[in-house]
Amino acid sequence: MRSNLSAPPSEQAAVEESGGCLTDLLIPIMAIGLVGIIMMCVIGGMTIPPAPSSNALAAPAGEIILATSTEGIARQTSELSGVFTVEVQHWVGSIQKWASETGLEPNLIATVMQIESCGDPRAVSRVGAMGLFQVMPYHFFGTDDPYDPDTNAARGLAYLQKSITKSSGDVRLALAGYNGGVGVIGRSENAWAAETQRYAYWGSGIYDEASQGAVESTRLLEWLVAGGASLCQQAHQRLGLP
């Protein structure tokens with residue numbers, strides 16, 4: 001379900017680094033200090049650790065790096081965040097399986113499911129999109145059952161992978177491409193349909209908060225108030241949750 005709340009314009013912060021230079025007086029003082037440190041290391045039997053590679057990004061154990069957030073490289077945990085609604089959490093085992101099969105990060109898969117169907121496997125949109133990931137009919141093969149969760153995920157996530165590749169890993173653009181077609185990725189956001197702008201706003205915010213380890217997603221709460229709650233109520237009933 002889509003709300004009529006327009007997304008605020010994206011904001012990008014430019015970070016500038018200013019260089020500096022040492023005076024003629026400071027250079028010899030620092031050189032003497034450096035020599036002293038090296039002599040102390042040699043005399044004491046110490047070793048000087050190598051400098052880390054400037055182009056290497058280390059991720060903590062249990063984490064994978066698959067996409068960029070709206071603010072640059074993001075570390076994505078292989079575990080599903082707890083910010084998603086109970087209807088989406090109901091699918092945690094399947095989400096983990098689909099993440100393993102596709103290489104997509106679980107929180108990204110859950111984000112798309114959250115705003116597409118809120119976990120309702122029988123959801124149908126006014127334009128005919130079907131299932132958990134609201135896949136259009138022309139993405140299915142003749143023998144497919146569009147409402148089968150694994151089939152729906154396979155077709156929907158294949159398109160999400162295509163969108164991720166087209167956007168060079170930018171999650172906001174990838175989400176826009178999933179909603180409005182990958183053709184929108186190269187266009188100005190002002191040229192996107194209003195629904196696509198809202199979709200990118202909701203999705204990127206939820207995903208970023210989930211990936212950053214938030215306990216609660218303010219963007220998800222905003223989405224629920226804007227109309228998502230009715231979608232989740234329908235999913236809750238259809239899943240037979242208490």
Side-chain angles (χ1 to χ4, degrees), residues 1-7 66-67 84-85 87-88 90-91 94-95 97-99 101-189 191-207 220 223 226-228 230-235 237-239:
M1 186 173 193
R2 305 288 181 261
S3 72
N4 292 322
L5 180 63
S6 298
L66 291 174
F84 300 103
T85 62
E87 297 81 16
V88 173
H90 172 80
W91 296 96
S94 295
I95 290 171
K97 182 185 72 169
W98 298 329
E101 292 171 348
T102 63
L104 293 169
E105 202 268 325
N107 286 325
L108 182 57
I109 295 175
T111 296
V112 173
M113 182 190 291
Q114 182 74 71
I115 56 181
E116 287 289 355
S117 70
C118 195
D120 182 358
R122 304 293 298 181
V124 183
S125 77
R126 64 182 182 278
V127 296
M130 296 175 281
L132 288 172
F133 296 94
Q134 289 294 276
V135 183
M136 293 297 289
Y138 48 78
H139 288 293
F140 294 103
F141 298 120
T143 58
D144 283 348
D145 176 1
Y147 296 105
D148 173 71
D150 287 329
T151 300
N152 196 273
R155 304 296 174 253
L157 297 181
Y159 196 79
L160 181 59
Q161 287 177 303
K162 180 178 180 180
S163 195
I164 283 283
T165 300
K166 180 74 173 179
S167 68
S168 299
D170 186 297
V171 169
R172 183 183 179 89
L173 293 179
L175 290 169
Y178 188 84
N179 175 261
V182 294
V184 308
I185 292 174
R187 303 175 193 164
S188 166
E189 289 194 23
W192 295 353
E195 178 184 350
T196 300
Q197 292 184 37
R198 292 193 297 270
Y199 193 95
Y201 170 71
W202 299 129
S204 61
I206 295 169
Y207 171 76
L220 175 53
W223 173 79
S230 61
L231 184 64
C232 291
Q233 182 179 17
Q234 174 181 287
Q237 294 173 346
R238 187 155 286 161
L239 291 171

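Please read all numbers here as calculations on a predicted model, not as lab measurements.
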**Request:** Evaluate the side chain to side chain contact (heavy atoms under 4.5 Å, CB included) criterion for residues W192 and Y199: first the C-alpha distance (whole Å), next the side-chain angles of each, then the deciding distance (0.1 Å), finally the verdict.
**Result:** CA-CA 11 Å; W192 295 353; Y199 193 95; over 6 Å; no
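- Partners of D150 according to the salt bridge (charged side-chain N to carboxylate O under 4.0 Å, His left out) rule, which considers only residues two or more places apart in sequence or in another chain, are K97.
- For the pair K166/L173, no side-chain contact is recorded, criterion being any heavy-atom separation below 4.5 Å from C-beta on.
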**Message:** For Y178 and I164: C-alpha separation, side-chain torsions, deciding distance, then whether side chain to side chain contact (heavy atoms under 4.5 Å, CB included) applies.
**Reply:** CA-CA 9 Å; Y178 188 84; I164 283 283; over 6 Å; no
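- Using a 4.5 Å heavy-atom threshold, the side chains of I109 and T102 count as touching.
- A donor-acceptor distance shorter than 3.5 angstrom exists from the side chain of N152 to the backbone of M130, with no hydrogens or angles considered.
- For the ring pair (Phe, Tyr, Trp, His ring centres under 6.0 Å) test, no residue two or more places apart in sequence or in another chain qualifies with H90.
- At least one donor-acceptor pair closer than 3.5 Å links the side chain of Y159 to the backbone N or O of V182.
- Ring orientation note: the planes of W91 and W98 are close to parallel, at an angle under 30° on the 30°/60° scale.
- Atom CD of Q233 sits about 10.5 Å away from atom SG of C118, to the nearest 0.5 Å.
- If you check the side chains of Q114 and Y207, you find no donor sitting under 3.5 Å from an acceptor.
- Rounding to the nearest 0.5 angstrom, the gap separating the CG atom in D148 from the CZ atom in R155 is 10.0 Å.
- Remark: side-chain polar atoms of Q234 are not paired, donor with acceptor, to backbone N or O of D120 under 3.5 angstrom.
- Within the structure, the salt bridge (Lys or Arg N to Asp or Glu O under 4.0 Å) test picks out no pair touching residues 132-143 (sequence neighbours left out).
- I95 has its side chain within reach of V88: a pair of non-hydrogen atoms, C-beta onward, lies under 4.5 Å apart.
- Atom CD in E101 sits 9.5 Å away from atom OG in S94 (nearest 0.5 Å).
- The minimum heavy-atom distance linking G119 with A235 is given by the pair C-CB, 4.1 Å.
- Between the D144 side chain and the P146 main chain, no donor and acceptor come within less than 3.5 Å of each other.
- Put simply, the side chain of C232 reaches to within 4.5 Å of the side chain of W223, judged on heavy atoms.
- Between the CZ atom of F133 and the CD atom of E116 there is a distance of 9.0 Å, given to the nearest 0.5 Å.
- In this structure, the side chains of F84 and N107 come closer than 4.5 Å at one or more pairs of heavy atoms.
- Looking at Q134, its side chain never comes within 3.5 Å of a backbone N or O of S117 through a donor-acceptor pair.
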**Message:** Is there a side chain to side chain contact (heavy atoms under 4.5 Å, CB included) between D145 and F140? Walk through the geometry before answering.
**Reply:** CA-CA 8 Å; D145 176 1; F140 294 103; over 6 Å; no
**Asked** Please walk me through it: do L108 and L160 pass side chain to side chain contact (heavy atoms under 4.5 Å, CB included)?
**Response** CA-CA 10 Å; L108 182 57; L160 181 59; 4.2 Å; yes
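- Using a 4.5 Å heavy-atom cutoff, the side chains of L239 and P121 are in contact.
- Shown here for G128 and P137, the closest heavy-atom pair between the two residues is O-CD, 3.7 Å.
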